[in-house]
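Each remark here refers to the structure printed beneath this line.
Bear in mind the structure is a predicted one, so any value in this text is a computation, not a measurement.
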Amino acid sequence: MPESSNRVAPELRVGHLYPDQLNMYGDRGNIITLRQRCVWRGIALRHTPIDLGEELRPDEFDLLFIGGGQDKEQDEVARDLREVKGAALRAAVDSDMPVLGVCGGYQLLAKFYRPAEGPELEGIGILDAWTIHKGKAVARCIGNVALQWGEQTLVGFENHGGRTYLGAGAQPLGRVLAGHGNNSEDHQEGCVYRNTFGTYLHGSLLPKNPHFADHLISLALRRRYGQGAESYMRPLDDSREWQAHDAMLRRLGVAPRRHAAVG
Ligand code: GLN
């Protein structure tokens, strides 16, 4: 990390995939959180929407986000991933760019999503997982969720009809402490591959999970600026964020953990 006085302020270039089609439950709040946590640290955040039909140029970004949506919007996005952005998104993932996919976006980062009605939607197969909707007569997975994530917890809100199943070698994001998770059966939630994180946690996810937001920012900065980038990640006063996090845990009957900053 350059110590000279002419040290250039770091920046984080965030690509927001399909913001008009996939933005359920204020998933846009994840971008707002990333921006604010960067601004508080003097890191410039450049946010670029990447819409249907637009080319994805991975070398122009440090982090990508794709939110959740209804089956209809997912159909449009699946086609665009297949015809326009899929190869570039796979290249970004294989270059260890951090990618966060929530709910419908998560489902399309995997192998396929079989909706209650209509044709199966092909995903881009980054995640070794697949999703099957059990039909409109089967209750959706709706409610607040708490996960064990390493030594920490994650909280959020889920609303999905699809049930996601992980392949033999796939890693879940976390273990369900309260709520449904991927499929209400195996107590797993989400899926992780390299620096790609798929999850059902809306909320939006990042405001109540500052440690996870910082994990994504750190991954992106280290990838771009090297290990010295840690010097940009000074600890923030997250007392309000943890109050909201722990209040959700208590509401779900889960004992709050000790909070340590996660780089
Ligand atoms: N349409 C998908 C499902 O119902 C995803 C929903 C969402 O993104 N919240 O499973």
Under 3.5 Å, sequence neighbours excluded: what are the donor-acceptor pairs made by side chains of residues 38-45?
from, atom 1, to, atom 2, distance (Å)
R41, NE, R234, O, 2.8
R41, NH1, R37, O, 3.4
R41, NH1, D214, OD1, 2.9
R41, NH2, D214, OD2, 2.7
R41, NH2, R234, O, 3.1

Say you draw a straight line from [atom1] of [X] to [atom2] of [Y]; how long is it, rounded to the nearest 0.5 Å?
| X | Y | atom1 | atom2 | answer |
| --- | --- | --- | --- | --- |
| I31 | T48 | CD1 | OG1 | 10.0 Å |
| L17 | I50 | CG | CD1 | 4.5 Å |
| D96 | N195 | CG | CG | 5.0 Å |
| L154 | E189 | CG | CD | 8.5 Å |
| H215 | I217 | NE2 | CD1 | 11.5 Å |
| L89 | T196 | CG | OG1 | 7.5 Å |

Residues R46 and E11 bridged, charged N to O under 4.0 Å | yes
Salt bridge between R13 and E60, side-chain N to carboxylate O under 4.0 Å?
-> no
For the pair W149 and H211, name the ring-plane relationship: parallel under 30°, tilted 30 to 60°, perpendicular over 60°.
-> perpendicular
Between the side chain of [X] and the main-chain N/O of [Y], is any donor-acceptor distance below 3.5 Å?
| X | Y | answer |
| --- | --- | --- |
| K85 | E54 | yes |
| D62 | A220 | no |
| N183 | D186 | yes |
| N209 | V155 | yes |
| H202 | S204 | no |
| R223 | S95 | yes |
| E122 | I124 | no |
| R194 | D94 | yes |

Which pair of heavy atoms, one from [X] and one from [Y], lies closest together, and at what distance?
| X | Y | answer |
| --- | --- | --- |
| G198 | L127 | CA-CD1, 4.3 Å |
| L63 | L34 | CD2-CD1, 4.1 Å |
| L166 | A129 | CD2-CB, 3.7 Å |
| G162 | Q107 | CA-NE2, 4.1 Å |

Taking the side chain as every heavy atom from C-beta outward, state whether [X] and [Y] have any pair of such atoms under 4.5 Å apart.
| X | Y | result |
| --- | --- | --- |
| I66 | L100 | no |
| F157 | I142 | yes |
| R163 | V138 | yes |
| R222 | Q227 | yes |
| E151 | R257 | no |
| P58 | M97 | yes |
| R114 | W130 | no |
| S218 | E230 | yes |

Using a distance-only test with no angle check, is there a side-chain donor-acceptor pair under 3.5 angstrom linking E185 and Y165?
-> yes
Heavy atoms from other residues, nucleotides or ligands near NE2 of H187 exceed 12 (cutoff 6.0 Å) | no
Report, as yes or no, whether the 6.0 Å neighbourhood of atom CZ on R240 holds more than 12 heavy atoms from other residues, nucleotides or ligands.
-> no
Yes or no on side-chain contact (heavy atoms from CB on, under 4.5 Å) for Y18 and L81, after CA distance, side-chain angles and deciding distance?
-> CA-CA 10 Å; Y18 312 110; L81 284 172; 3.4 Å; yes
Quick one: which residue pairs count as a ring pair (Phe, Tyr, Trp, His ring centres under 6.0 Å) with a foot in residues 64-106, not counting sequence neighbours?
-> H16-F65, Y106-Y200
Just distance, no hydrogens or angles: give the donor-acceptor pairs under 3.5 Å from side chains in residues 168-181, sequence neighbours left out.
from, atom 1, to, atom 2, distance (Å)
H180, ND1, S184, OG, 2.9

